[in-house]
2 protein chains.
Amino acid sequence: MKKSPFVGRWALPGGLISDHETTLAAAERILREETGVTGVYLEQLMTFDELKRDPAGRVVSVAWFALLPDGELELHTSEKYAGVEWRPISRAKNLAYDHNKILQAAVDRLRAKLGYTNMVWSLLPTKFSLTELQTVYEIILDRELDKRNFRKKILAAGLLKATGSQRIIGAHRPAALYSFKTKKLIVTNIIS
Amino acid sequence: MKKSPFVGRWALPGGLISDHETTLAAAERILREETGVTGVYLEQLMTFDELKRDPAGRVVSVAWFALLPDGELELHTSEKYAGVEWRPISRAKNLAYDHNKILQAAVDRLRAKLGYTNMVWSLLPTKFSLTELQTVYEIILDRELDKRNFRKKILAAGLLKATGSQRIIGAHRPAALYSFKTKKLIVTNIIS
DNA sequence: CCAAAAGTGTTCAGACTACACCCATGT
DNA sequence: ACATGGGTGTAGTCTGAACACTTTTGG
């Protein structure tokens with residue numbers, strides 16, 4: 001929650017870099033300080049430098065975004081950052097500063113890169129079912145995908161390996177669990 | 001040409017921003033000061049901030065790239081910037097600082113975006129033949145394209161309009177000249 | 001008439017889309 | 001037995017790739 005003129009609005013986590021710190025290191029530090037999250041995928045988004053984006057003065061922001069699995073968000077709230085929350089995009093409207101623009105840019109980037117990289121691995125736990133994977137795609141692309149076609153394409157991409165293990169949730173047939181062969185960023189064709 | 005430890009190496013144009021200047025405005029200004037070029041397409045590339053990228057001290061660079069038609073480069077060389085030259089990528093090796101990395105990032109970006117935007121308009125004069133357009137694609141993608149397939153796809157994309165005029169160069173059949181319907185950036189599918 | 005660039009269609013293979021039913025489990 | 005999510009195949013359409021000859025001009 002921010003002060004005037006952004007009273008009561010939410011904002012993305014942010015902070016200042018020091019003279020001997022890269023923006024990547026600063027992003028990792030700030031993410032850790034404000035949320036406790038470490039060891040996740042980080043990617044430089046872009047730099048926002050409109051003259052009046054912060055009413056308090058000139059601020060040039062090098063924006064980074066993190067991707068992490070839904071399960072691992074165990075938000076640690078220190079006293080200093082007690083107001084921190086995870087929110088779905090749908091409830092992250094009307095942010096302070098130009099943070100709506102930043103968030104939108106991050107969503108656009110993610111949406112585009114899902115189609116030609118394997119970066120979705122950073123949004124899933126080590127083992128996952130194909131249905132879970134499909135759900136991630138559907139959320140980000142904001143449209144439904146055909147189950148059979150999705151499985152054909154994602155398996156044909158050759159990025160997954162079957163773990164052999166299964167998971168049963170509720171009174172259903174067990175789901176085979178897969179994992180990514182590699183957690184390096186690969187550029188290829190995956191989903192159209 | 002740069003001083004120690006980059007004696008005799010070339011570098012990309014660059015400069016400092018002022019407190020009341022966006023990086024876009026600075027990019028436009030520096031490009032104008034060093035080359036005389038104005039009114040061209042500019043796009044933010046990314047920010048380079050490794051701690052030791054400039055041996056003289058901490059420098060965070062927000063890199064932008066410009067696209068301009070081959071014909072319009074009339075390089076004005078002021079006294080201050082007498083050493084400025086246009087060079088093909090193939091003769092832009094071994095640059096000072098991390099400028100090889102920056103240049104490579106720009107080439108990668110351009111190569112990728114040619115396939116799904118109409119930004120190639122910024123690399124051509126107002127009127128151009130389909131062969132000229134194809135040549136631009138071939139240079140940037142660094143591979144040959146089939147003439148018939150190229151024409152089918154580029155015309156099917158619907159971004160061009162025939163101007164009705166023709167151009168004759170040498171003892172050849174005249175080439176029909178086309179122009180882009182719009183010079184706004186459009187995201188669509190063009191060339192695979 | 002010759003040289004050189006402009007212009008033009010068809011065929012084949014692979015990819016994408018749409019679509020419906022059976023399977024395995026816990027209750 | 002039933003409710004629920006997991007899992008599978010095929011037919012039709014579309015897209016991309018390969019490929020060669022005719023046209024128009026100036027010299």
Side-chain angles (χ1 to χ4, degrees), chain A residues 70-71 111-112 114-118 120 124-125 127-139 141-179 187-192, chain B residues 70-71 111-112 114-117 120 124-125 127-179 187-192:
Chain A
D70 192 25
R111 200 168 275 171
L114 269 195
Y116 65 92
T117 72
N118 66 341
V120 69
L124 286 159
K127 295 180 175 189
F128 51 86
S129 70
L130 293 183
T131 301
E132 289 167 339
L133 180 58
Q134 181 176 343
T135 302
V136 172
Y137 272 91
E138 289 180 337
I139 290 170
L141 298 178
D142 196 27
R143 61 190 168 95
E144 294 192 347
L145 301 173
D146 180 83
K147 183 161 50 158
R148 281 168 291 189
N149 294 337
F150 178 82
R151 286 166 186 239
K152 256 181 296 182
K153 270 192 280 190
I154 207 76
L155 292 174
L159 301 168
L160 302 182
K161 58 173 184 237
T163 63
S165 52
Q166 297 188 324
R167 180 196 296 142
I168 298 179
I169 299 179
H172 311 306
R173 175 170 175 174
L177 297 182
Y178 290 79
S179 63
V187 175
T188 175
N189 250 34
I190 304 189
I191 294 288
S192 61
Chain B
D70 192 24
R111 200 167 276 170
L114 270 195
Y116 64 91
T117 72
V120 70
L124 287 158
K127 295 181 176 188
F128 50 86
S129 69
L130 293 184
T131 301
E132 288 167 340
L133 179 58
Q134 182 176 341
T135 301
V136 171
Y137 272 91
E138 288 180 334
I139 289 170
I140 297 168
L141 298 178
D142 195 27
R143 61 188 169 97
E144 294 192 346
L145 300 173
D146 180 84
K147 183 161 51 160
R148 280 168 291 189
N149 293 337
F150 178 82
R151 284 164 187 241
K152 258 181 293 182
K153 270 191 281 191
I154 207 76
L155 292 173
L159 301 169
L160 302 182
K161 58 174 184 237
T163 62
S165 51
Q166 297 187 324
R167 179 195 298 143
I168 298 179
I169 298 180
H172 311 304
R173 176 169 175 174
L177 297 181
Y178 290 79
S179 63
V187 175
T188 175
N189 251 31
I190 304 190
I191 294 288
S192 60

Minimum-distance nucleotide to [X] side chain [options: [options]]:
X        : options                : result
B:Arg173 : C:dA18, C:dA6, C:dT25  : C:dA6
B:Lys152 : C:dT10, C:dT25, D:dT24 : C:dT10
A:Asn149 : C:dT25, C:dG7, C:dA18  : C:dA18

Without decimals, in angstroms, what is the distance between [X] [atom1] and [N] [atom2]?
X        : N      : atom1 : atom2 : value
A:Glu132 : D:dG7  : CD    : P     : 10 Å
A:Phe150 : D:dG6  : CZ    : C1'   : 14 Å
A:Ile190 : C:dC16 : CD1   : C1'   : 16 Å
B:Lys153 : D:dA17 : NZ    : C1'   : 8 Å
A:Ile154 : C:dC16 : CD1   : P     : 12 Å
B:Glu144 : D:dA18 : CD    : C1'   : 14 Å
A:Phe128 : D:dG6  : CZ    : P     : 14 Å
B:Asp146 : C:dT8  : CG    : P     : 14 Å

If we only count heavy atoms from C-beta on, is the B:Asp142 to B:Arg111 side-chain gap below 4.5 Å?
yes
When you compare the side chain of A:Leu133 with that of A:Leu160, does any pair of heavy atoms fall below 4.5 Å?
yes
Both A:Leu155 and A:Ile169 contact DNA chain D. Taking the nearest nucleotide for each, which residue is further toward the 5' end?
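That would be A:Ile169.
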Please determine if a side-chain N or O atom of B:Lys147 lies less than 4.0 Å away from the OP1 or OP2 oxygen of D:dA20.
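Result: no.
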With respect to the phosphate group of C:dA5, does any side-chain polar atom (N or O) of B:Thr131 fall under 4.0 Å of OP1 or OP2?
no
Of B:Ser129 and B:Arg148, the one whose closest DNA chain C nucleotide lies more 5':
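Result: B:Ser129.
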Say you draw a straight line from CZ of A:Phe150 to CG of A:Leu130; how long is it, rounded to the nearest 0.5 Å?
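Output value for this atom pair is 7.0 Å.
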Regarding C:dA6, can its base be found pairing with the side chain of B:Arg151 as donor and acceptor, where the two atoms are less than 3.5 Å apart?
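A donor-acceptor contact between them is absent.
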Look at the side chain of A:His172 and the base of D:dT4, then say whether one donor and one acceptor between them are separated by less than 3.5 Å.
yes
Compare every heavy atom of B:Lys127 with every heavy atom of B:Ser165, then report the nearest pair and how far apart it is.
OG-NZ, 3.3 Å
For B:Leu145, does its backbone N or O pair with a side-chain atom of B:Gln134 as donor and acceptor, under 3.5 Å?
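Side chain of B:Gln134 to backbone of B:Leu145: a pair is present.
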